[in-house]
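In what follows, a structure is listed as structure tokens, so that the remarks can point back to it.
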Amino acid sequence: MTLNHPITRRAALQGIAAWIGTARFAHSAEPSTGGRFIEKQQTGAEIWQVTTEEFDQSDIYGEVPYCSRDSRHFVYARRNPALKTNRTEFMLVELGTWKQQRLDTGISISGCAISHDGLFYYLKQADDGSRALMRADLENGQVTAVYRLPPGLLIRSLGTVTTDGRYYAGGTMTEPGWKMFDITLVDLQQGEHRILDRDPFILNPHPQFEPGEGRMLMIQHNRGGKYSPDGQLERLVGPEGATLYVLSVPEGGRTELAVGTPHTTACTGHEAWIGTTGEMLLSVSASGEFRPEQGNLLAVRAGQPPRVVARGYRFNHVGASRCGRIFSADDWQPPYKIVIGSTQAERAAVICESKTSPTRSQNTHPHPYVTPDLKWVIFNSNRAGSDHIYAARIPDELMANLLRG
């Protein structure tokens, strides 16, 4: 399904011109040291608490690593009630020294995306109420406005961007009534956007571009999900459970995947591309044929049945390294272990115990991801009583064992 609602390139460029004054460098503010060593766990992993201030804060999401290309920096989000309009601060952290400073402020984590070369995208609102898609280089902190959103177009999901930087996509709702939802595709090269797909059950789509050519867009399909007419979530997913499908870009053709009922137990709603292999990593409900000892961490590609990637844990939130060789996941039972492993061979290992106590807040869910250099795992935990960002140093020998052969 392809529905065209273009905004002219001229209008988009005029809108961006109004934002030029916001472009700046993040390093204008004094950095804070932050970070403290917590413990060395039995696995050999050294655990650092990256954040020390009391904020509503998150590592954003673990499906992709929110890191610079050189793995020197990563970015996290924190909600600052002292700010107006753009109340989310995006904090840039130097791995190892834990020095951090504010990269910029934005509306929320909705719309956030990261490219494979470390360009971070987010949404920012101006004093006149207009909103723009911003881009920040995590290596040098340079911030640029790249696209002005037309009035009424709200990105409701995390965003995603192609490796070549041409396309950006996010979940939207352009039809009133809370019954129909969209995937909006922004062509950053042409300066226009259009609706790529529309469906009543893509209320939580987690869109993700394939990291290679970027001409496939993975979508989470929450079959049976429902909102009330006034916008209250009544049911995130129905008894048939969630599944996944892929959209061709820019055409919008849909390809269903053999995951979720009737092929497997329901998808948990956590998935990621495995590098440029064309496979997608996901977890499914850990029951029946997919109970932990049988394996509920799967990989699937269009036109083929899924395969088991790892067994022995109740896998929930998942992510994949940029190279595609390593997965990250949390074991969804106390003490909520952080597990990493090979995406191609059935080898996995516990890095650490997150020791979190999950609540309804996503900030208390581990959401682990591995940095591009495969040296660190970044995750959330409320082990100290409130939600903080942590980093676990991966022992070299452990990683070498996962990568062998």
Side-chain angles (χ1 to χ4, degrees), residues 1-4 6 9 12 60-69 110-123 133-139 144 146-147 149 155 157-172 182-198 202 205-221 244-257 270-282 299-304 318-327 343 369 372:
M1 180 188 304
T2 303
L3 302 170
N4 291 298
R9 178 169 174 79
I60 303 179
Y61 221 75
E63 295 164 335
V64 291
Y66 281 85
C67 298
S68 60
R69 178 171 46 190
S110 293
C112 286
I114 187 88
S115 71
H116 270 227
D117 55 356
L119 297 177
F120 176 60
Y121 292 74
Y122 57 98
L123 300 175
L133 179 65
M134 311 294 291
R135 182 179 64 215
D137 189 327
L138 299 188
E139 288 191 6
T144 308
V146 294
Y147 189 77
L149 277 65
I155 306 295
S157 69
L158 289 168
T160 183
V161 65
T162 54
T163 300
D164 63 8
R166 175 165 183 176
Y167 293 111
Y168 169 91
T172 54
D182 327 297
I183 301 298
T184 293
L185 180 72
V186 180
D187 188 331
L188 296 174
Q189 179 177 309
Q190 296 298 319
E192 60 186 26
H193 77 275
R194 63 189 177 91
I195 294 175
L196 186 67
D197 191 37
R198 179 170 280 169
I202 52 173
H206 286 241
Q208 296 177 56
F209 280 113
E210 186 274 325
E213 296 181 357
R215 299 303 179 258
M216 293 189 290
L217 181 60
M218 175 172 48
I219 301 296
Q220 181 179 309
H221 197 208
L244 305 175
Y245 64 84
V246 173
L247 294 172
S248 61
V249 178
E251 301 83 11
R254 184 185 292 197
T255 301
E256 307 290 342
L257 299 174
H270 307 297
E271 54 272 343
W273 288 98
I274 302 177
T276 59
T277 63
E279 277 193 310
M280 289 149 275
L281 181 75
L282 71 148
V300 67
R301 67 173 71 240
Q304 295 185 15
V318 304
S321 61
R322 283 192 186 155
C323 65
R325 300 179 67 188
I326 295 294
F327 74 79
T343 58
Y369 67 77

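These numbers come from the heavy atoms of this one structure, side chains and all, not from hydrogens, waters or symmetry mates. Sequential numbering from 1 along the given sequence is applied to the chain's residues. Because the structure is a prediction, the values reported are computed rather than measured.
Using a distance-only test at 3.5 Å, with no hydrogens or angles considered, no donor-acceptor pair links the side chain of Thr255 to the main chain of Ala302. Side-chain N or O atoms of Asp182 include none that pairs as donor or acceptor with a backbone N or O of Thr184 at under 3.5 Å. A donor-acceptor contact shorter than 3.5 Å links the side chain of Ser248 to the backbone of Gly253. Using modelled atom types, one side-chain atom of Thr163 and one backbone atom of Pro211 make a donor-acceptor pair closer than 3.5 Å. With Gln208 contributing its side chain and Glu271 its backbone, the two residues share a donor-acceptor pair below 3.5 Å. Not one N or O on the side chain of Thr162 forms a donor-acceptor pair closer than 3.5 Å with the backbone of Gly214. Checking side-chain atoms of Tyr168 against main-chain N and O of Gly111 turns up a donor-acceptor pair under 3.5 Å. No donor-acceptor distance shorter than 3.5 angstrom exists from the side chain of Arg325 to the backbone of Cys323, with no hydrogens or angles considered. A donor-acceptor pair under 3.5 Å links the side-chain atoms of Ser321 to the main chain of Ile326, judged by distance alone.
Salt-bridge check for Glu210 with Arg215: failed, with every basic side-chain N at 4.0 Å or more from each acidic carboxylate O.
Nearest heavy-atom pair, Gly171 versus Ser157, reported as atom, atom and distance to 0.1 Å: N-OG, 2.7 Å. Nearest heavy atom pair, residue Tyr122 against residue Ala136, reads CE2-CB, 4.1 Å. The two residues Cys67 and Tyr369 have their closest heavy-atom pair at SG-CE1, 3.5 Å. Residues Leu123 and Ser110 come closest through the heavy atom pair CD1-O, 3.7 Å. Between Leu281 and Gly319 the shortest heavy-atom distance is CD2-O, 3.5 Å.
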task: Could you check Ile195 against Ile183 for side chain to side chain contact (heavy atoms under 4.5 Å, CB included), going step by step and ending with a plain yes or no?
output: CA-CA 6 Å; Ile195 294 175; Ile183 301 298; over 6 Å; no
message: Between Glu63 and His206, is the side chain to side chain contact (heavy atoms under 4.5 Å, CB included) condition met? List the steps.
response: CA-CA 9 Å; Glu63 295 164 335; His206 286 241; 2.6 Å; yes
task: Just do the side chain to side chain contact (heavy atoms under 4.5 Å, CB included) check on Ile114 and Leu138 with the steps written out, would you?
output: CA-CA 10 Å; Ile114 187 88; Leu138 299 188; 3.8 Å; yes
query: side chain to side chain contact (heavy atoms under 4.5 Å, CB included) between Ile60 and Phe120: does it pass, once the steps are laid out?
result: CA-CA 12 Å; Ile60 303 179; Phe120 176 60; 4.0 Å; yes
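In this structure, the separation between CD1 on Ile274 and CE on Met280 is 8.5 Å, given to the nearest 0.5 Å. Here CZ of Arg166 is found 11.0 Å from CZ of Phe209. Values are rounded to the nearest 0.5 Å. Note that OH of Tyr121 and CD1 of Ile155 are 14.0 Å apart. Values are rounded to the nearest 0.5 Å. Here the CG-CZ distance, from Asp187 to Arg194, works out to 8.5 Å after rounding to the nearest 0.5 Å. Interatomic distance, CG of Asp197 versus CG of Leu217, reported as 9.0 Å (0.5 Å rounding). Taken to the nearest 0.5 Å, the CG atom of Leu119 stands 4.0 Å off from the CG atom of Asp117.
Residues satisfying the ring-ring contact (aromatic ring centres under 6.0 Å, His included) criterion with His116, sequence neighbours excluded, are absent altogether.
Between Val318 and Leu282, the closest side-chain pair of non-hydrogen atoms is not below 4.5 Å. Side-chain contact check for Gln220 versus Leu244: some heavy-atom pair is nearer than 4.5 Å. A heavy-atom distance below 4.5 Å is not found between the side chains of Met218 and Tyr245. Side-chain contact between Tyr167 and Pro250: present, with at least one pair of heavy atoms (C-beta onward) separated by less than 4.5 Å. Within the 4.5 Å cutoff, no side-chain heavy atoms of Thr277 are placed close to those of Thr343. In this structure, the side chains of Pro65 and Arg322 come closer than 4.5 Å at one or more pairs of heavy atoms.
Crowding of Gln304 atom CD: a count of heavy atoms from other residues, nucleotides or ligands under 6.0 Å exceeding 12.
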